[in-house]
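Start at 1 and go down the list; that is how both ligands and their atoms are numbered. Quantities reported herein were computed from a predicted structural model and do not represent experimental measurements.
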Amino acid sequence: MRVSSTSGEKIRLENDGELLLYFIGTGSAFTKTLSQNNLLIVKGNDHVLVDCGTKCSQSLHKVDLPLSEIENFLITHSHADHIGGLEEAQLHGRYISHRKLNMVINEEYQNILWNQSLRGGSEMSESRPLGFEDFWNPIRPVLNKFCPRETWEANVGSINLKLPRTKHYPDNAQSWQDSFWSVGVIIDDRILFTSDTRFDPELLLSFDDMFNFEVIFHDCQLFTAGVHSSLDELKQLPLYLRKKIVLMHYGDNWRDYKQEALDAGFHSWAKAKHEYTFRVACRAIDSRVKA
Ligand SMILES: [Zn+2]
Ligand SMILES: [Zn+2]
């Protein structure tokens, strides 16, 4: 993994085929100095935006990438720092750029997202009631039967996405099974992006055992309570996992904990306006070298 600053330059939605992750922001839902923890994935001519919060459009504008250029979306759950920008995207798509956008979404979450969130601002825009599919082309993921828990899988061009259910909210849920809809994202079987989740060692242990991730981008709250994983909880993980974890979705005061996390063996803190680049087929080369 190579990490490089983009120095605020325009982010391009295509490259020479390397898998590239770009954090539009790394902040929590309540941050005032950071942008929200939304992620752009680019690989060759393909791209997908993972989550589109209330500040997403403005944050993209600052790096000269209009939200309207994003064609493919994936939403991990319905908190506003992950979906608050979708109304702008769907109204712009229908009335300004005159095209439907694509969203990786199964029928269960489509019903939740439309009926509980997006419908209010868009349904009655015309003489007939509109529905989700007037604005969006759903890319339907299928259940992957081989994963340790319910996991949905889809491809956006050459980008493979696996979506394991996660344990985010409510805070008294015992497991992902009795949590409301939320998913993490496994990208090309190489990277785990947890999105928002409570401390859930079983997610990390079981999926890392299956995929041996190169890196894990993990939710990190700076105190222990509520519906997120705290730094103190994450310190309980075995060192081999801590070494893979890049901390994200943190509060404004993260610098107060910066050294503490590095001393505990975590890989790093996620950086906005930086590109995380993963070489093409480096795994195949690694395995040949080992053999
Ligand atoms: Zn969040
Ligand atoms: Zn959340």
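- Excluding waters, the set of protein N, O or S atoms lying under 2.8 Å from the Zn ion (ligand 1) comprises Asp81 OD2, His82 NE2, Asp196 OD2, His249 NE2.
- Counting only residues at least two apart or on different chains, the salt bridge (charged side-chain N to carboxylate O under 4.0 Å, His left out) pairs with a member in residues 219-239 are Asp232-Lys235, Lys235-Glu260.
- For His92 and His98, the gap between ring centers reaches or exceeds 6.0 Å.
- Between the side chain of Asn115 and the backbone N or O of Asn111 there is at least one donor-acceptor pair closer than 3.5 Å.
- Under the 3.5 Å distance criterion, with hydrogens and angles disregarded, a donor-acceptor pair is assigned to the side chains of Asp252 and Thr31.
- With sequence neighbours left out, the salt bridge (charged side-chain N to carboxylate O under 4.0 Å, His left out) criterion links Lys162 to Glu153, Asp189.
- Partners of Arg2 by salt bridge (charged side-chain N to carboxylate O under 4.0 Å, His left out), not counting sequence neighbours, listed by chain and number: Glu18.
- Of all the N, O or S atoms in His168, the one closest to the Zn ion (ligand 2) is NE2.
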